[in-house]
Participant: 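Below you will find the structure I want to go over with you.
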Amino acid sequence: MNSIIEKFRNYYALVFIISIVISSTNYAQETKSLSNEELLNMSLEDLMNIPVITASDKLEDLLDAPANIYVLYGEQLRKRGYTSLQDLMADLPGVTWLNRYSAFNAQVIRGQYNSKRLTLMFDGMIYNPRNGFGVQWADRFPIEGVEKIEFIIGPYASLYGRNTFSGVLNVITKKGEKLKGGEVNFLYGKDNQLQSSVVAGNKIGEWDFYMSLFKNYSNKGVDLAEEYPEYYSKKNREKEIFEGNPVIIAEGVSSDMILPWDNNEVYFKVSHKSGLDFQLQYNHSDMPKIGAGFTPLYYVSSEDCKLTDKMLNGSLSYKYKLNEDLMLSSHFTYQNFDWLAKNIYVTGNHRWYTQKAETFMFNQKGRWQAADWNELFFNISVERVYEKDLITSTPNKPAWTKDNKHEVDYLNISVQDQIHLTKKLNLVVGLMYEKSDLYKDVFIPRFSGIYSFDNRNILKLIYSAGFLTPDPEVRVTQYDRNGAINLYGRTNMDPEYINSFDLNFTRLWNKNTSTILSIFYNQTNDFIQQVEDLSMPGIRTWKNIGTTSSYGFDFTINSKITKSLQSCFSYSFVDGSIHDLLIDNLLSEIDRLPTQAIHHFKFSICYTFWDDKLNLYLNDLFIGNRYTWEDEKINGYQFAVPDYKLAGYNIVDINLNTANKFSDKWRFSVGIRNLFNEDGFDPTYSDYSVSSYSPIRKRWWNIQIGYKF
């Protein structure tokens, strides 16, 4: 396969050079930028016809996009007082955000759990680690730099490749031409949280520049022992049993569960009128390895328990036209990922987790307008990932050896055809093929049908699919806290594969009121879980063990009541099950079963008053009881946590911030999350063996100040 990839590399390098030389007409694809005044004056109907780019990798009207897609502009995010991307995710229909303070912040989207299943992009550049590992990313980007955010629910691997499983979140940053200067922002919040950002940009000649610096920091952390003293007491913890051994708490051990964190990010992009674009993004995060996602009775928190990850993403691309009907774009992407975690168990032993990956990828895209009614899109990419993976028990940081390094090659080919059968009926069909050194060949189809009854009633029938690669954690041998082998990695895993069906109906009742109903069914095959070997007690491994399914609907009402008053209400119902498990003598326990809240109610009001100088955003979010998916047909099977349920919660957030009309230069904001301090954490349940993280969001407040220059 290496020879094939080398041929593709050489061929496309030649195509890239020649096409730049011979192209007579250059092509730069842009998104429309709207001023604050334009957003305020636009009707809801106008907002629902804004151009989007993520659904088809081209500009098209929102209602015509072949996907279930939500769009929010940066000014709307600031009016709502969002301080991070996780505030945005928590408000979206069908999404449950889990744990503001955990080392592994994660979201559940229609039953699909874990941040590695959601593809995060910045201006079209994929952020996720290319080796399939998941990282926390919620508090790593300044809201002030966002022009708009496009969120697609569904697995669009046919466009964006592997690990596009539960959705796509594309953060589109501002253009320097619009900024013509910049903005400095400072935030101070509960638990000594400090957040600062600088966003700047300008246009110089035919070059457009944008840059942002971001820091999110706390030197205190969160001490849950203060809120649940009995649960975290030394006496209570010593009653617990961990892997057959009594838990022993040493004297003087800190009971802090969440330690201080420090997240830093730099992002830079430059674009030329000709279609040349360059992006560079670097993140460095230090945070506690111990979070509420781990059973607190099994671990202790100290400065010796930590997590550090570093991510460098770079992209160089060139968009151009060979003729009026054929548009091409060439992309070279580089990523360097370095992740290190260290646990100390209650017995004083250590376990190290390390992940390293370096990726080189080149892909060539093309869009051919075959006829007025037909447009063909294609993408061919070659990629090499250098991986280093190690999990070991030792007091000292492990040293790398040649045996730790793996080379993985990928070849990906995608074709998509958009056909306008009539003025009212639009079809999209596509197919993706991927060849990898890790697993068998993968084929991903795509189909969407869009029927416009008129300009106010749109029906979309959407089928999409995706796959999740076995991440490095399941492919290396792990050790328990005493140094003996406890968990075997496996190299012969198949990817998890999802089929998603979505029936989406949008109705514009008038210029300022709309409803959206989305009915969905998802089925995931070959999902990967940790299991126990009955023939060797205490020995566990990973396996593709069966199928999960989720189904439900989202119903959303958006209304612009007056120029100054807007409201949104959504209700989501999600249910699911596990079935078709491959039960044999080797399986006795499933680790980390999927969990899901069935009911979600979300209601928000945004009101601009005092002569449009002050914004009030009130948000109410209700998440129903969470429970473990089970299947009654599984006889004699021991679940890690039988009949697991976690109480629901209701959170009320309120935010006040000044509008630009108050001052051309200054912006002030005061916000309170979880106004009534609703308890979303039940400490009597262990969350080690289920995919549920808690607490969700304790009461938190912040003060922000911003200055434009």
Participant: Between E60 and V52, is there a side-chain heavy-atom distance shorter than 4.5 Å?
Facilitator: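 Yes. Closest side-chain heavy atoms under 4.5 Å.
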Participant: I want to check something: taking the side chain as every heavy atom from C-beta on, are I109 and M89 in contact at a cut-off of under 4.5 Å?
Facilitator: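 Yes, their side chains come closer than 4.5 Å.
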Participant: Should F601 and N650 be marked as a side chain to side chain contact (heavy atoms under 4.5 Å, CB included) after you check the CA-CA gap, both sets of side-chain angles, and the distance that decides it?
Facilitator: CA-CA 9 Å; F601 290 93; N650 188 78; over 6 Å; no
Participant: When you measure from the side chain of K116 to the backbone of N163, do you find a donor-acceptor pair of N or O atoms at a distance under 3.5 Å?
Facilitator: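 Judged by distance alone, no pair lies under 3.5 Å.
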Participant: If we ignore hydrogens and angles and just use 3.5 Å, is the side chain of K460 paired with the main-chain N or O of T506 as donor and acceptor?
Facilitator: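 Checked: no pair found.
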Participant: Any side-chain heavy atom of L159 within less than 4.5 Å of one from F377?
Facilitator: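 The answer is yes, as the side chains (C-beta and beyond) meet within the 4.5 Å cut-off.
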Participant: Checking D123 now: which residues fulfil salt bridge (Lys or Arg N to Asp or Glu O under 4.0 Å) with it, not counting sequence neighbours?
Facilitator: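 With neighbours one apart ignored, the set is K269.
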Participant: At their closest point, which heavy atom of G132 faces which heavy atom of D471, and how far apart are they?
Facilitator: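 It is O-CB, 3.3 Å.
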Participant: Do the side chains of C568 and K602 get nearer than 4.5 Å, heavy atoms only?
Facilitator: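 No. Closest side-chain heavy atoms not under 4.5 Å.
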Participant: Starting from the C-alpha separation in whole Å, work towards a yes-or-no answer on side chain to side chain contact (heavy atoms under 4.5 Å, CB included) for F141 and Q281.
Facilitator: CA-CA 10 Å; F141 193 81; Q281 183 179 44; 4.3 Å; yes
Participant: Looking at the rings of Y497 and F467, which for Trp means the six-membered one, are their centres under 6.0 Å apart?
Facilitator: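 For Y497 and F467, the ring centres are not under 6.0 Å apart.
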Participant: Take H599 and F573, measure what ring pair (Phe, Tyr, Trp, His ring centres under 6.0 Å) needs, and give me the verdict at the end.
Facilitator: CA-CA 5 Å; H599 304 287; F573 171 85; 5.8 Å; yes
Participant: Measure centre to centre between the rings of H331 and F362, then say whether the value is under 6.0 Å.
Facilitator: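 No, ring centres 6.0 Å or more apart.
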Participant: Can you tell me if N128 uses its side chain to pair, donor with acceptor, with the backbone of L120 under 3.5 Å?
Facilitator: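 Yes: the side chain of N128 pairs with the backbone of L120.
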Participant: Sort out for me which residue in D409, D494, T491, V408 forms a side-chain contact (heavy atoms from CB on, under 4.5 Å) with L438.
Facilitator: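 Running side-chain contact (heavy atoms from CB on, under 4.5 Å) over D409, D494, T491, V408 with L438 returns exactly one hit, V408.
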Participant: Of the non-hydrogen atoms in Q76 and V71, which two are nearest, and what is the gap between them?
Facilitator: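 Taking Q76 first and V71 second, the nearest heavy atoms are OE1-O, 4.5 Å.
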Participant: For L517, is there any backbone N or O sitting under 3.5 Å from a side-chain donor or acceptor partner on R507?
Facilitator: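 Not confirmed, R507 side chain does not pair with L517 backbone.
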Participant: For the atom pair NZ (K58) and CZ (R367), what is the distance rounded to the nearest 0.5 Å?
Facilitator: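 Rounded to the nearest 0.5 Å, the NZ-CZ separation comes to 5.5 Å.
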Participant: Are side-chain heavy atoms of S317 and S329 found at a separation under 4.5 Å?
Facilitator: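 No, too far: nothing below the 4.5 Å cut-off.
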Participant: Between N499 and Y463, does any side-chain donor sit less than 3.5 Å from a side-chain acceptor?
Facilitator: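 There is such a pair (donor and acceptor under 3.5 Å, judged by atom type) between the side chains of N499 and Y463.
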Participant: Over 60° means perpendicular and under 30° means parallel, so classify the ring planes of H284 and Y282, tilted if in between.
Facilitator: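 The arrangement is perpendicular - the two ring planes meet at more than 60°.
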Participant: Just by distance, with hydrogens left out, do Y439 and E434 show a side-chain donor and acceptor under 3.5 Å apart?
Facilitator: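 Checked: Y439/E434 side chains pair up, N/O donor to acceptor below 3.5 Å.
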Participant: State, with a plain yes or no, whether a side-chain heavy atom of T524 is found less than 4.5 Å away from one of I498.
Facilitator: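 When only atoms from C-beta onward are counted, I498 and T524 do touch, with a gap below 4.5 Å.
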Participant: Should I50 and Y73 count as side-chain neighbours, where that means a heavy-atom distance under 4.5 Å?
Facilitator: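 Counting from C-beta outward, I50 and Y73 do come under 4.5 Å.
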Participant: Distance check, rounded to the nearest 0.5 Å: N283 atom CG versus N313 atom CG?
Facilitator: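 Nearest 0.5 Å value for the CG-CG distance: 8.0 Å.
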Participant: Do NZ/NE/NH1/NH2 and the carboxylate oxygens of D554 and R110 come within less than 4.0 Å?
Facilitator: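 Counted as a salt bridge, because a side-chain N and a carboxylate O are separated by less than 4.0 Å.
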Participant: With a 6.0 Å cut-off on the ring centroids, do Y571 and F553 count as close?
Facilitator: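 For Y571 and F553, the ring centres are under 6.0 Å apart.
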Participant: Distance alone, cut at 3.5 Å: any donor-acceptor contact between the side chains of N619 and D91?
Facilitator: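 Yes, a side-chain donor-acceptor pair sits under 3.5 Å.
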Participant: So, S414 side chain and S158 main chain: donor-acceptor pair closer than 3.5 Å or not?
Facilitator: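 Checked: pair present.
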Participant: Does the pair D87/R673 count as a salt bridge with the N-to-O cut at 4.0 Å?
Facilitator: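 Yes, charged N to carboxylate O under 4.0 Å.
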Participant: How long is the gap from CE on M432 to CD1 on I444, to the nearest 0.5 Å?
Facilitator: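 Answer for the CE-CD1 pair, M432 versus I444, is 5.0 Å.
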Participant: If you measure from CZ on F337 to CG on N131, what distance do you get to the nearest 0.5 Å?
Facilitator: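 Rounded to the nearest 0.5 Å, the CZ-CG separation comes to 6.0 Å.
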Participant: Would you say the side chain of K365 lies within less than 4.5 Å of the side chain of N363, judging by non-hydrogen atoms?
Facilitator: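 Touching, per the 4.5 Å side-chain cut-off.
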Participant: Report the C-alpha separation of I172 and I53 in whole Å, then their side-chain angles, then the decisive distance to 0.1 Å, and conclude whether the side chain to side chain contact (heavy atoms under 4.5 Å, CB included) test is met.
Facilitator: CA-CA 10 Å; I172 299 171; I53 194 172; 4.1 Å; yes
Participant: Measuring from atom CG of N522 to atom CZ of F501, what distance do you get when rounded to the nearest 0.5 angstrom?
Facilitator: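 N522 CG to F501 CZ: 9.0 Å, rounded to 0.5 Å.
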Participant: Take Y156 and T119 through the side chain to side chain contact (heavy atoms under 4.5 Å, CB included) test and state the conclusion after the steps.
Facilitator: CA-CA 9 Å; Y156 287 85; T119 295; over 6 Å; no
Participant: Any chance the rings of Y334 and F360 have centres within less than 6.0 Å?
Facilitator: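 Yes, the ring centres sit under 6.0 Å apart.
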Participant: What is the minimum heavy-atom distance between Y160 and T54, and which atoms define it?
Facilitator: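 It is OH-O, 2.6 Å.
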Participant: Should the ring pair Y127 and F122 be called parallel, tilted or perpendicular, given that the plane angle runs from 0 to 90° and is split at 30 and 60?
Facilitator: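 Y127 and F122: perpendicular rings.
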Participant: Could you state the interatomic distance from CG (L621) to OH (Y649), rounded to the nearest 0.5 Å?
Facilitator: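 Spacing of CG (L621) from OH (Y649) equals 6.0 Å.
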Participant: Could you pull out all residues at least two apart from S448 that satisfy side chain to side chain contact (heavy atoms under 4.5 Å, CB included)?
Facilitator: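 Partners of S448 by the side chain to side chain contact (heavy atoms under 4.5 Å, CB included) criterion, ordered by chain and then number, come out as P66, V428, R446, I462.
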Participant: If only side-chain N and O atoms count, and only distance matters, is there a donor-acceptor pair under 3.5 Å linking Q112 with S166?
Facilitator: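 No donor-acceptor contact under 3.5 Å links the two side chains.
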Participant: Which atom pair, heavy atoms only, marks the closest approach of T556 to S570?
Facilitator: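 That closest heavy-atom pairing would be OG1-CB, 3.7 Å.
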Participant: For residues N412 and N379, is any side-chain donor paired with an opposing acceptor at under 3.5 Å?
Facilitator: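 On atom types as modelled, these side chains do not qualify, holding no pair under 3.5 Å.
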Participant: Can you give me the closest heavy-atom contact between N170 and G124, atom names plus distance?
Facilitator: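 Between these two residues, the closest heavy atoms are OD1-N, 3.2 Å.
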